[in-house]
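Notes for the one structure printed next.
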2 protein chains.
Amino acid sequence: MQKKVTIHDIAEHLQTTAATVSRALNDHPAISERTKKKVREAAQQLGYERNQLASALRKGSSQTVGVIVPLADRNFFSSVVSGLQSVLNEQGYNVIICQSNDQLEKEIQNIDTLLNAQVDAIVISISKESIGKNTHLHKVVEQGTPLLMFDRIDSTVKADRVCINDIEGGRLATAHLLQQKDVPIACLHSSLSLNIYKDRFKGYQLALEEKEKAFIPEYCLQVESSIEAGYQGMKQLLERLSPPFGLFCTSDYTAIGAMEYLKELKYTIPEDVHIVGYSNEPLTAYLCPPLSTIDQKSKQLGMQIGAQLLQRFKTLTTPPKIIDLLPELLTRTSSLS
Amino acid sequence: MQKKVTIHDIAEHLQTTAATVSRALNDHPAISERTKKKVREAAQQLGYERNQLASALRKGSSQTVGVIVPLADRNFFSSVVSGLQSVLNEQGYNVIICQSNDQLEKEIQNIDTLLNAQVDAIVISISKESIGKNTHLHKVVEQGTPLLMFDRIDSTVKADRVCINDIEGGRLATAHLLQQKDVPIACLHSSLSLNIYKDRFKGYQLALEEKEKAFIPEYCLQVESSIEAGYQGMKQLLERLSPPFGLFCTSDYTAIGAMEYLKELKYTIPEDVHIVGYSNEPLTAYLCPPLSTIDQKSKQLGMQIGAQLLQRFKTLTTPPKIIDLLPELLTRTSSLS
DNA sequence: TTGTAGGCGTTATCAG
DNA sequence: CTGATAACGCCTACAA
């Protein structure tokens with residue numbers, strides 16, 4: 001273990017003082033160019049590297065942002081983190097990642113951890129269990145740490161938000177289905193207590209309304225966002241209506257499960273049932289048939305979050321900013337007539 | 001912005017001193033239970049939370065581990081990070097994530113960033129450009145920060161390693177193909193300068209040898225690990241041999257591209273060409289046909305990395321540990337005769 | 001069992 | 001323009 005070189009070492013080397021070295025390295029205006037140059041050269045030569053910890057302690061800013069996601073290995077979240085990380089890293093910020101596993105308790109613990117680590121901001125997509133439970137989120141805000149919610153949010157918390165417009169996503173998908181064929185459009189949606197699914201479902205209803213089609217509750221079923229649940233959901237739906245019909249799923253996983261069941265029964269897609277999913281999961285373009293879906297621009301979303309944070313660091317007191325991104329419909333074979 | 005509660009506040013509150021409070025909170029043996037209890041209660045009541053930064057600076061341990069991956073949104077890597085994070089978080093460690101974008105320069109920069117942040121260890125899967133360039137890796141080791149390489153490694157660096165046995169993976173896949181039909185087995189592999197692809201290819205050759213089949217270089221082609229490259233690769237391969245044959249791809253993406261081209265030419269899989277990919281990317285089980293592949297146990301891999309790090313923190317001087325995990329063959333329709 | 005004092009490496013304030 | 005000094009919050013010899 002080599003001992004690290006500090007600004008004191010540089011100061012000694014140059015017969016000056018740590019204060020001057022510090023200022024020179026921070027490009028302080030009241031330091032002569034000549035001194036700055038000498039200091040930088042010495043620093044380089046001695047292999048100096050600033051101790052972020054000490055700097056952070058003194059400045060009260062750790063140059064670090066914490067992110068809490070339900071699951072770090074879900075493509076949507078890892079993609080958001082990737083975008084966020086790339087933007088923040090460029091500006092000298094680090095990103096600490098935490099997972100709530102969709103559990104409230106773990107989420108609370110994550111927040112404590114991040115606050116202890118003195119992060120400059122916390123970015124979060126809340127867990128399923130956190131719906132309505134928001135004292136931990138309020139705590140962050142009151143305590144003065146900038147908070148930014150994305151995707152799954154709690155609308156009672158006064159904090160920055162970056163969201164995909166899920167109403168528009170649901171509307172786009174459903175309007176597209178309606179445009180294909182004059183048949184009923186069913187919907188497999190996930191828990192409406194989560195804003196994202198509620199909004200997508202709202203968009204579904206909205207599109208029906210716009211085309212003056214009746215909203216038929218029997219054609220809508222709530223299922224988990226998983227392949228298995230989609231499979232079972234489809235099974236139930238087929239007891240309530242028969243092909244041909246259209247189907248909007250609020251998640252690609254659900255859509256895939258539904259397709260599996262339909263294929264088992266030898267129905268053809270899109271002829272018998274035309275389908276749109278949601279999220280543009282990787283490889284959905286290579287399913288049989290390729291799955292139409294709503295792209296959430298996850299990487300851009302992450303980059304947008306990063307940009308907003310940098311903005312927030314500059315103006316800490318401005319009111320919360322709400323950023324609304326538009327999703328995009330990707331029409332592939334599964335929905336085309 | 002509320003001012004934070006410090007151990008001094010607690011000390012004052014209890015008419016004692018910060019040292020005692022610190023010791024009590026750290027469960028120091030030389031503190032009476034009574035005092036500990038009082039301190040803990042007061043801490044709770046005043047809403048004290050330890051400042052990790054200050055603690056880290058003092059102790060020289062930040063309770064933080066840095067991870068550098070080529071791309072954070074690739075399923076394999078996000079899955080490893082997820083597993084790693086879950087293990088380390090449990091033990092009070094945080095995980096900082098960095099991306100090299102497969103660029104050497106960025107990787108060097110990432111390492112500097114992490115060292116500045118005083119991380120307790122660095123976990124890395126090296127970039128494509130880093131092959132043979134390892135001064136930055138040696139620097140980490142010499143400087144005394146534990147280094148752990150996984151997946152893509154540099155074998156000249158003396159550091160812990162956690163790897164999937166890619167030779168075995170390649171062997172498993174190829175042996176399985178050989179077992180299906182007595183036809184030639186082709187191979188689309190990616191750059192052999194990366195250990196992972198080199199080993200998978202070695203495994204391919206090994207399996208041929210074991211069955212006393214000739215290794216025919218013309219049936220092997222180097223392509224990028226992407227769908228497009230797999231598509232083009234298949235096109236070229238078909239100029240050199242005709243179905244029926246078997247195909248081992250060192251990546252699922254390559255395999256998917258190959259399948260796409262074959263399907264375009266109306267060849268059937270697995271009848272005309274039977275295929276095995278590599279990585280078990282999400283949704284490969286739902287392709288047409290479902291793709292046989294090698295599962296890399298990425299989450300377990302991440303957890304294993306975490307466990308090894310915790311071990312390493314306890315015994316800093318023991319020689320590098322090399323952990324070798326076995327992959328698993330998942331036989332799905334694409335390869336079954 | 002507890003208190004005192006000093007320092008981890010940096011930066012901000014205040015002089016000069 | 002630069003130097004001295006004191007913090008940031010915590011931990012740990014050493015002393016009592």
Any donor-acceptor pair under 3.5 Å from A/Asn195 side chain to A/Asp151 backbone: yes

Protein-nucleotide distance (A/His28, atom NE2; C/dA12, atom P), rounded to Å: 9 Å

Salt bridge (Lys or Arg N to Asp or Glu O under 4.0 Å) pairs, two or more places apart, involving residues 96-111 of chain B: B/Asp102-B/Arg152

Residue-level proximity of residues 35-57 of chain B to DNA chain D when a heavy atom falls under 4.0 Å: B/Tyr48, B/Arg50, B/Asn51, B/Ala54, B/Ser55

Nucleic acid contacts - residues 15-23 of chain A versus DNA chain C, non-hydrogen atoms under 4.0 Å: A/Ala19, A/Ser22, A/Arg23

Separation of C/dG6 P from B/Arg58 CZ (nearest whole Å): 13 Å

Salt bridge (Lys or Arg N to Asp or Glu O under 4.0 Å) pairs, two or more places apart, involving residues 56-76 of chain A: A/Asp73-B/Lys299

Pairing residues for A/Tyr93 by the ring pair (Phe, Tyr, Trp, His ring centres under 6.0 Å) criterion, not counting sequence neighbours: A/Phe313

For chain A, the stretch of DNA chain D it reaches, first to last nucleotide, under 4.0 Å of its heavy atoms: D/dC1 to D/dG9

Most 5' of B/Thr6 and A/Pro29 on DNA chain D, judged by nearest nucleotide: A/Pro29

Donor-acceptor under 3.5 Å (A/Thr17 side chain, A/Ala19 main chain): yes

Side-chain (A/Gln52) to main-chain (B/Ala117) donor-acceptor, under 3.5 angstrom: no

